[in-house]
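Worksheet: one structure, shown below.
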Amino acid sequence: MTATTLDQLKLRQSAEIVTIDWSSMSDAEGARLRALGLDEGIFVEKLHKGMFGSNDPIALKVGRMMIAVRKSHAMAITIDSVQAAV
Amino acid sequence: MTEMTPLIALAGNPNAGKSALFNALTGARQKIANYPGVTVERKSGHFALPDGRPAELIDLPGSYSLDPGSPDEEVTRNVITGQFNAERNLDAIVIVLDAANLDNHLRFALEVIALGRPVVVALNMMDLAERDGLTLDPAKLQDALGVPVVPTVAVRRKGLDDLKAALDGQLSRPSNTQNVIVPQEWDHGLRKQAQKIAAQAIVSETAGKRWSERADALFLHPIAGPFILLSILFVMFQAVFAWSEAPIGWIEGATEWVAAGVEANMPSGFLRDFLIEGAIAGVGSVVVFLPQILILFLFILLLEASGYMTRAAYIMDRLMAGVGLSGRSFIPLLSSFACAIPGIMATRSISDHNDRLTTILIAPLMTCAARLPVYAIIIGAFIPNTNVGGGVGLQGLVLFGLYIFGIVGAMLAALILRRTVTAGPNAGFLMEMPKYQLPRIKDIFLGLWQRAVVFLRRAGTIIFAATVVLWLLLTFPKVPLDSPMSQVDYSAAGRITNVIAPIVKPIGFDRDIALALIPAMAAREVAVAALATTYAIDAPDEETEAKSLTERLQSKWSLPTALAFLAWFVFAPQCISTIAVTRRETNGWKWPMFMLGYLFALAYAAAGITYWSAVALGL
């Protein structure tokens, strides 16, 4: 699959973060994203959707943590090589 | 080396099990205070080093990085780097790591280790990591980090002796404080290094049981999740009323017993009246709430300790986003149903300034436990105890409606505030959801005990003082025997009330109510005590005095007045402690004054509209 943004990721699929558009968020937000393990070169898996199936926020598996991310941030994150999670 | 007790700090990512380790090391001998100037709690306690020397331990707020993202994290950074005036320099730091989450938690550890201070790493929650299919080699981690690494399971009290021994070794080592703050550009490098070290320390990794993920398949289910949350909240509020009935009866019984004892054993006179009508009646009417507050906190503490609270925040985020807030505001707002003070203090974890400010400003609109006595007495007196069908009582329905009224008011206020005074970009919602954990009963009871002490201290000081002052104002000067005026009208309080009464007359409040509103500024629940005191003093004879407050209210108030009184209490900022804590949390008088103004305006409008609508409807 080609490059897309994180908010397009399907449930139980995992993908590698290719780039993050740091300019779309404040420095503090960027630092927080990195502090929670979201960075370029990281693999993430989408674990859960939001209330009543919306994609805002979504729950991601990052390493061994589960992280909640809103759509606004997910849209700033480009992912590649979408694959079904094992 | 100095003769002083060594000061040791616990630091680490949120959810690394810091507090559990703190409880395990210090036991119940803890002191919670606030750092001066800032509003971050300073939790401290003592424990004995292997040679018997005492050491002081402080629990620093959880941090993801030394580059602070919230007021909490700023305190952690400043204490660790020794730039915090209110805290003496640390003699050693214990970095608490979640063993199952090394690649993320090591990042913060590397930052702290780079400072060159004496450090011991507690590789915590080893049991959970193992259950998760993870085998770690602490020795390899120790080699890679260059500081002692001790595996611990804080909740099971495992590894504590080894940790103390390692600390002892570090304390005797001279500290070379180089204070290197890792520059932000290193961020990516740090993460890579953390991942590399984590990979070295992990011996094997299998799929494990993943029961936490399976639980989330249910609790975070797009449809079932919100309904489960709603059910939990329903059970919680149900329990607050159902379970508290018996203990409330005991407290009331005890209050009467004390009052009767005083009456029987003291000569009648000023002191006896003061004790029975002022002190015992006033404090008793407040301590009655302890059961309800504790039940509410029991649920909140259990939800927090189990890890479910962050799921609730996740589920609620979508709704909160609708009014310009985030799911993070849900936890402080839920706590505010017990009391706005811990609620407002819990906003510290909200990193965005405007989000946090808005949450503080609307927190008093959540129906706190202190309003319950006011609601309960008015509803009991004026709303008929009829069944509206399906086993639902009208009284309960009205009470539920008042809660909803407060919530809707808060949401509307947030919506307007976020577009005006606290306008700013939407801050988003980034949050870690930790694995579920079985709460340790001892830790829960420790938390409950701390809340009970805080509440009773409040009842014993502010509320007691307010009740006593009101009683004195009502009792003096004594009305002359030949005067046609009543004692209340003649008293100092009555004269003060003459000024306020015309202001609240348009919203249906008479003088007695205006009088009750003054001491209720100290704490809402005092309103009930104040009405009771007023009517007790005003009773012309023994027979009237024996009538219950309910009966007296029924004979003195009209239904529209009672409804307006309820509406007033949904919005009015009737609590000095809330104002004080807002001042502390916002570092100034500007926001508490704004809060006071906007809430009084809302209360006045709501009471007025309620009163005149009710009159127009012929109620």
Side-chain angles (χ1 to χ4, degrees), chain A residues 6-7 10-12 14 16-77 85-86, chain B residues 13 15 63-65 67-70 73 98 100-105 107-108 129 132 134 184 187-188 190-192 194-195 198 205 207 212-213 216-217 219-223 225-226 229 310-311 313-319 321 326-327 351-352 425-435:
Chain A
L6 184 56
D7 57 301
K10 299 255 183 338
L11 214 54
R12 305 305 303 183
S14 78
E16 185 184 357
I17 295 177
V18 186
T19 54
I20 298 180
D21 181 10
W22 302 112
S23 65
S24 72
M25 57 190 90
S26 69
D27 283 354
E29 283 176 272
R32 191 156 182 86
L33 226 59
R34 289 192 293 274
L36 288 171
L38 286 166
D39 206 342
E40 285 145 8
I42 290 281
F43 277 88
V44 295
E45 180 190 335
K46 179 163 162 182
L47 291 180
H48 300 282
K49 292 184 167 196
M51 195 199 267
F52 302 130
S54 81
N55 275 318
D56 191 13
I58 52 172
L60 297 170
K61 188 175 171 193
V62 183
R64 285 179 165 263
M65 289 198 291
M66 181 156 72
I67 305 290
V69 182
R70 264 195 192 165
K71 196 172 186 171
S72 54
H73 282 135
M75 276 164 38
I77 298 174
V86 273
Chain B
N13 283 42
N15 311 316
S63 289
Y64 287 101
S65 147
D67 180 27
S70 70
E73 294 192 3
D98 173 2
N101 225 331
L102 271 189
D103 38 351
N104 267 297
H105 285 191
R107 216 178 141 281
F108 176 69
D132 219 27
L134 206 59
Q184 230 195 319
D187 238 22
H188 302 267
L190 261 182
R191 198 209 76 225
K192 293 229 165 72
Q195 278 183 317
E205 198 175 356
S212 196
E213 277 184 35
D216 272 331
F219 290 126
L220 291 183
H221 188 275
I223 314 281
L229 174 59
T310 55
R311 270 74 177 181
Y314 178 81
I315 293 168
M316 291 302 291
D317 182 62
R318 191 84 197 90
L319 287 179
S326 82
S351 48
D352 183 74
N426 226 322
F429 175 65
L430 269 168
M431 191 184 67
E432 179 187 346
M433 288 184 272
K435 292 197 169 59

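Below, chain A is the first sequence line, B the second, and so on; all start at residue 1. Only a predicted model underlies this, so the values are computations on that prediction, with no experimental measurement involved.
Rounding to the nearest 0.5 Å places CE of B:M316 at 5.5 Å from CE of A:M51. Separating the CE atom in A:M65 from the CE atom in B:M431 is a distance of 12.0 Å, to the nearest 0.5 Å. Here the straight-line distance linking atom CG of B:D317 with atom CD1 of A:I58 works out to 12.0 Å at 0.5 Å rounding. One distance of note links CZ of A:R70 with OG of B:S326; it measures 5.5 Å at 0.5 Å rounding. We find the CG-CE distance between B:N101 and A:M66 to be 12.0 Å, quoted to the nearest 0.5 Å.
Looking at B:D216, both its backbone and its side chain come within 4.5 Å of chain A, counting heavy atoms on both sides. Contact of A:H73 with chain B is made through the side chain alone, with heavy-atom distances under 4.5 Å. In this structure, no portion of B:A313 lies under 4.5 Å from any heavy atom of chain A. With a 4.5 Å cut-off on non-hydrogen atoms, A:K61 touches chain B through its side chain but not through its backbone. Heavy atoms closer than 4.5 Å to chain A are found in the side chain of B:L319, but not in its backbone. Both the backbone and the side chain of A:L33 come within contact range of chain B, judged by heavy atoms closer than 4.5 Å. Residue B:T310: no heavy atom, backbone or side chain, is found under 4.5 Å from chain A.
Here the closest non-hydrogen pair linking B:R318 and A:S54 is CD-OG, 3.5 Å. Of all the heavy atoms in A:L36 and B:E432, the pair that sits closest is CD2-CB, 4.0 Å. In this structure, A:A59 and B:M433 approach most closely via the heavy-atom pair CB-CE, 3.8 Å. Contact record, A:I67 with B:L430: CG2-CD2, 4.4 Å, taken as the closest heavy-atom pair. Counting all heavy atoms, side chain and backbone alike, B:Y314 lies closest to A:A68 at CD1-CB, 3.5 Å.
Taking a 6.0 Å sphere around NZ of B:K435, one finds it holds more than 12 heavy atoms contributed by other residues, nucleotides or ligands.
Counting heavy-atom pairs under 4.5 Å between each of B:I223, B:L229, B:I315, B:D352 and chain A puts B:I315 at the top. Interface remark: of the candidates B:G327, B:P226, B:A198, B:P226 forms the most heavy-atom pairs closer than 4.5 Å to chain A. Note: B:A321 leads B:A194, B:S63, B:A321, B:P434 in heavy-atom pairs under 4.5 Å with chain A. Annotation: maximal heavy-atom pairing with chain B below 4.5 Å, among A:E29, A:K71, A:R32, occurs at A:R32.
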